[in-house]
Amino acid sequence: LKIVNSLLKNTIRFVLFLLLQIVVLNEVPPLHRFIVPYLYFLFILWLPFSINHFTLLIVAFLFGLSLDYFTGTTGLHAAPCVLIAYIRPYLLNLLLPQETIEQSYAEPGVNSMGWAPYAVYVGFLAFIHHFYLVLIEWLQFGDFVYFLGKVVGTTLVSFMMIVLSELLFLRKGKYRTNAA
């Protein structure tokens, strides 16, 4: 029953994050010349701790590919999604003791990690995602200051939107137990 609930919840999140990005955020004109609001990758960051690494990579690829399909881009979003999905377990292992991941809350969030580790987790993966996305988007370093400005600006806006999401939509931090 827990697996079915988790699958249903994450399927709904999959669809909602795609719709939010495609219907709302992609229609927002760029804020300044650097900043493009991206929030879709939060779906990958909110997946359960217990997800298998290979499954995480497949889900991230399908999620990014779905966004690419609806935005008419080829692999532009799939590649950064797979990259952050690949890095995610290693970063979680650095930020949290293994016992905490295995025996505490079911998914990453402020409740399960605390503000400081969660901010590092979200900030680092947002930066990596945006750096790789902008790098693929341009595939040039003609103006490195512009490139870096877009990465930093987009990362800061996304980070603020993630913090706002955490504050507005408090996710219930369900505590996992080993009892059946």
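Values reported hereafter were calculated over all heavy atoms of this structure, with side chains retained and with hydrogens, waters and symmetry mates removed. Note that this is a predicted model, so its numbers are computed, not measured.
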(request) Quick one: closest heavy-atom pair of Ala60 and Ala85, and the distance? (result) CB-CB, 3.4 Å
(request) Taking all heavy atoms of Val122 and all of Ile162, pick out the closest pair and write down the distance. (result) CG1-CD1, 3.3 Å
(message) Under a 3.5 Å distance rule, please check whether Arg88 uses its side chain to pair with a backbone N or O of Leu56 as donor and acceptor.
(response) no
(request) Apply side-chain contact (heavy atoms from CB on, under 4.5 Å) to Tyr86 and list each qualifying residue two or more places apart in sequence or on a separate chain. (result) His53, Leu57, Tyr90
(request) Apply ring-ring contact (aromatic ring centres under 6.0 Å, His included) to Phe61 and list each qualifying residue two or more places apart in sequence or on a separate chain. (result) none
(message) Taking Leu167 as the starting point, is it possible to reach Phe17 by hopping between hydrophobic residues whose side chains are less than 4.5 Å apart?
(response) yes
(message) With a 4.5 Å cut-off on side-chain heavy-atom distances among I, L, V, M, F, W and Y, is there a chain of contacts connecting Trp115 to Trp46?
(response) yes
(request) Quick one: sort the Tyr121 and Tyr118 rings into parallel, tilted or perpendicular, breaks at 30° and 60°. (result) tilted
(message) Once rounded to the nearest 0.5 Å, what's the spacing between atom NE2 of His130 and atom CG of Leu125?
(response) 10.5 Å
(message) I'd like to check Arg13 versus Leu47 (side-chain heavy atoms, cut-off strictly below 4.5 Å). Are they in contact?
(response) no
(request) Flag yes if Leu7 and Phe54 sit in one hydrophobic cluster, no otherwise; membership is Ile, Leu, Val, Met, Phe, Trp, Tyr, and two members link when side-chain heavy atoms are under 4.5 Å apart. (result) no
(message) When you compare the side chain of Phe63 with that of Leu67, does any pair of heavy atoms fall below 4.5 Å?
(response) no
(request) Could you list the residues that satisfy side-chain hydrogen bond (donor to acceptor under 3.5 Å, both in side chains) with Ser6, not counting sequence neighbours? (result) Asn10
(request) Hey, could you give me the CD1/CZ distance between Ile136 and Phe131, rounded to the nearest 0.5 Å? (result) 11.0 Å
(request) Tell me who clusters with Ile12, hydrophobic residues only, linked when side chains sit under 4.5 Å apart either directly or through other members. (result) Leu8, Leu16
(request) Grab the two heavy atoms, one from Met113 and one from Leu92, that are nearest each other, plus how far apart they are. (result) CE-CD2, 3.8 Å
(request) Would you mind reporting whether Phe124 and Ile87 have side-chain heavy atoms less than 4.5 Å apart? (result) yes
Extract all donor-acceptor atom pairs below 3.5 Å that involve side chains of residues 37-45 and protein atoms in other chains or at least two apart in sequence.
unit_1 : atom_1 : unit_2 : atom_2 : d
Tyr40  : OH     : His77  : ND1    : 2.7
Tyr40  : OH     : His129 : NE2    : 2.8

(message) Membership question, hydrophobic clusters at under 4.5 Å side-chain separation (ILVMFWY): are Leu94 and Ile128 in the same one?
(response) no
(request) State, to 0.1 Å, how close Tyr132 and Ala79 come at their nearest heavy-atom pair, and which atoms those are. (result) CE2-CB, 3.6 Å
(request) Mind checking the CD1-CD1 spacing from Ile51 to Ile58? Nearest 0.5 Å is all I need. (result) 10.5 Å
(message) Which heavy atom of Pro117 sits nearest to which heavy atom of Gly114, and what is that distance?
(response) CD-O, 3.6 Å
(request) Scan residues 54-68 for pairs that pass side-chain hydrogen bond (donor to acceptor under 3.5 Å, both in side chains), counting only residues two or more places apart or in two chains. (result) Asp68-Thr73
